[in-house]
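In this chain, numbering begins with 1 at the start of the sequence shown. These values consider heavy atoms only, across backbone and side chains, with no hydrogens, waters or symmetry-generated copies.
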Amino acid sequence: DDHDGQKAHVLPIFDPDTTAFKLCVLLGACFLTFGSYYCYDIVGALSTTLLNPFYGINNTQESFLYAVYSLPNTVLPFFGGLLVDKVLGVK
């Protein structure tokens, strides 16, 4: 809002009351989820490359790499939840 109480001129994409803004937020959330899953499963996508004899990695080592890579993703949400609830949340 301006000092006169009137709404300042904003592009429709930045105005939360417009459909364009809501669609951008929805698309952003969808792409964020897609990117998250893509990055999380990159070890699985590289499986054939990692099992190449050039790298000297066998199935057990690849599975261990995937487990070590996935472990923080199962533990960290608990700490993130505590951080949001206790420190950053509404008081």
Side-chain angles (χ1 to χ4, degrees):
D1 288 348
D2 284 343
H3 297 291
D4 302 339
Q6 295 178 351
K7 202 170 198 179
H9 178 69
V10 208
L11 291 173
I13 201 165
F14 296 117
D15 184 6
D17 296 329
T18 63
T19 305
F21 177 81
K22 293 173 186 176
L23 279 174
C24 284
V25 170
L26 178 64
L27 285 173
C30 290
F31 282 122
L32 182 69
T33 304
F34 173 77
S36 172
Y37 281 112
Y38 180 79
C39 291
Y40 179 72
D41 288 332
I42 196 71
V43 176
L46 290 174
S47 178
T48 55
T49 304
L50 291 173
L51 293 176
N52 187 331
F54 176 76
Y55 296 107
I57 295 176
N58 60 26
N59 282 336
T60 305
Q61 291 171 324
E62 185 215 1
S63 298
F64 182 70
L65 173 66
Y66 198 72
V68 168
Y69 179 75
S70 301
L71 186 63
N73 296 328
T74 59
V75 176
L76 287 178
F78 294 109
F79 295 112
L82 288 172
L83 179 70
V84 168
D85 287 345
K86 302 293 182 187
V87 179
L88 303 173
V90 178
K91 301 196 181 198

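Going from atom NZ of Lys22 over to atom SG of Cys24 covers 12.5 Å, rounded to the nearest 0.5 Å. Atoms CG and CZ, from Leu26 and Phe31 in turn, are 10.0 Å apart once rounded to the nearest 0.5 Å. How far OG of Ser63 is from CG of Asn58: 8.5 Å, rounded to the nearest 0.5 Å.
Summarising the geometry of Pro77 relative to Pro72, their closest heavy-atom pair is CD-O, 4.1 Å, with the distance given to 0.1 Å. Residues Leu51 and Asn59 come closest through the heavy atom pair CD1-OD1, 3.2 Å.
Within 6.0 Å of CG in Leu76 there are more than 12 heavy atoms belonging to other residues, nucleotides or ligands. Around the CZ atom of Phe64, the shell of radius 6.0 Å holds no more than 12 heavy atoms that belong to other residues, nucleotides or ligands.
Phe54 and Ile57 fall within the same hydrophobic cluster, where Ile, Leu, Val, Met, Phe, Trp and Tyr residues are linked whenever their side-chain heavy atoms come under 4.5 Å apart, directly or through other members.
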